[in-house]
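Structure record follows, encoded as structure tokens.
A, B, ... follow the sequence lines: proteins, then strands. Residue 1 opens every chain. Just so it is clear, the model here is predicted, and its values are computed rather than measured.
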Amino acid sequence: MILLRLAFASLLARRITVGLTIVAIALSVGLILGVEKVRNGARASFANTISNTDLIVGARSGSVQLLLYSVFRIGNATNNITWQTYQDLASRPEVAWIVPISLGDSHRGFRVMGTTADFFDRYKFRSGQSLSFANGDPFSDVFDAVLGADVAAKLGYRLDDDIVVAHGLASFSEHKDKPFRVAGVLEKTGTPVDRTVLVSLEGIEAIHVDWQGGARSGPAISAKAARQMELTPKAVTAAMIGVTSRLKVFTLQRAINEYPEEPLLAILPGVALQELWGIVGIAEIALVGVSALVVATALLGMAAMIFSGLNERRREMAIFRAVGAGPGTIFMMLMLEALLLTCIGIGAGVALLYTGLLIARPYIDAAYGLYLPITGLSAHELTVLGAVLVASVVISILPAARAYRLSVADGMTVQI
Amino acid sequence: MQRATTLAAIIAIALPAYAQQDRQLDAHEHGVGLLNIAFEGDQVAMELEAPGADIVGFEHPPESDEDRAAISGAIAVLATPLELFSIPDAAGCTVVEANAALVGENADHEEHGHGHGHDHAEEGEHKEHADEGEHKEHAGEEHHEDEEGHTEFRAEYLLACTAPDTIDRIAFPYFSQFPNARELEVQMISDKGTQGFEIERDSPVLSLEGLI
């Protein structure tokens, strides 16, 4: 106990160098934990985005790509699925429900997704949670739109406001003649739905009735006239499918993948996610590696500080020896100093992490749609901290051993 | 004779058109097999697809008695799913149905093995037969070249388990059974959703804790 007090007092006496070392350790610990939190947060956020959907069907491309554009609205489809094929799939006996997804237009930086009202029942996130409305109802009219929570919050829309959909994802041509009415606003979900404007498939079709090949062609057709027209879509981008029995899911997957009339791809969302982690995993390892190196650097800095302190403390050590401390006690005291330093550093690092998370969370959420939950330290993170502590003990053996040797050799006649 | 020539001409004209429409080829990677597992109630359905090279070490048509013995031996082994994919005893799984077959271009004379075949499954297989037959009829030699002589073993299993929720792991004696198999890509669906795994020869265990 007295050793602990001595060590603490000794650290306090050298508060500037010690303080800087603690800051270095805290920063490195904060970094390694931060990387860990963001990594796990990203995984959880991705994994929580879609649940209870058995298959996702799109044009044949890569499974990761299909997952990214259909669920996460990242990137674009290579091709669409024709409506006839969609109908074909919908009528298969294995299909319990099918919800179409039609992408391609945008509204002030947010993607517009055409779908059916079934989407609100069938889309599930975070292990089975359903979408719920903060305001209003699902779309019932051709020109009704339902806004994700972020869209409504960022653009300040209320129910019954008119919004104009832009053609394409970053273009200046807008469907001004056919505005949509905000029929509902969804509750925040922490998924890409928050940043999506949902409209009916008919709505998507209606705003494009007088368009051809990406540009307006022929005489303009008014919104009123468009309503009267046949608004069966020609194609959808992708579809989410639930099967009647899980035992049928692979049969259906094979049938879709071998669908002769159109090259299609059916994926199990979890399988594509796993594939995605396989790709992202390499970058993750690099990040973890770099932050581990930063921790090592901070610990080496601490060892260097203790080393350089040894010389000026030779008299101090000699006095300890004179009052009866054996060389072993000196060794222990130095080890204790290092341990104390690391512990304070780790504590400060954890505090830094949570303050950082608290401050940065809204920005990360807004900019990347990545919702980082503030949770306690996981078992894995505690292991990391334990490893840092062990590493600090191992590293501080070097200066402590040197102090031990010096204190044996020096005696009282120290020449400084 | 005249008629035969005309017929040949018609076929010759028709052939390229057909080939153009139907020129698709599945990926085929030696060493890598696919395994699908579906959990529904107390039933577990599995499908295995593995390249001939993984299972018997060759993909050419059986030339010798030895080849034929290897194939029928492999099919017999493939018809015993619990010997290949070992499920904890506590789950009380029994095989309801197990079918294994060699499919692909060189398996001209397809061989099938039935563990405990049921009518339903046989029907399915017959359908497959019919498809294959059709292909050959239309595409003839074209089809041969397309497939480049790859063969695949396919197996379907249906298990009934008394306590499927106690399945926390599946071990893969499959790899010791078939020394040429390197990897299995696993797709799984259960109450908890869909999952993907890669099972490598080095660590032939799939941990399913909390996933069923």
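Within the 4.5 Å cutoff, the side chain of A/Gln253 has no heavy atoms near those of the B/Glu47 side chain. A/Leu247 places none of its side-chain heavy atoms less than 4.5 Å from the side chain of B/Phe39.
For chain B, the option among A/Ala47, A/Ser245, A/Ser127, A/Ser51 with the highest count of heavy-atom pairs below 4.5 Å is A/Ser245. Of the listed residues B/Ala45, B/Ser190, B/Gly193, the one with more heavy-atom pairs under 4.5 angstrom with chain A than any other is B/Ser190.
Nearest approach of B/Ala38 to A/Arg246, heavy atoms of both residues: CB-O, 3.4 Å. Scanning all heavy atoms of the two residues, the minimum distance from A/Val271 to B/Thr194 falls at N-OG1, 4.4 Å.
B/Lys192 NZ to A/Asn52 CG: the interatomic distance, rounded to the nearest 0.5 Å, is 12.0 Å. Atom CG of B/Leu34 sits about 8.5 Å away from atom CZ of A/Arg254, to the nearest 0.5 Å. To the nearest 0.5 angstrom, B/Met188 atom CE is 8.5 Å from A/Phe250 atom CZ.
Counting non-hydrogen atoms of other residues, nucleotides and ligands closer than 6.0 Å to CD of A/Glu261 gives a total above 12. Within 6.0 Å of CD in A/Gln84 there are 12 or fewer heavy atoms belonging to other residues, nucleotides or ligands.
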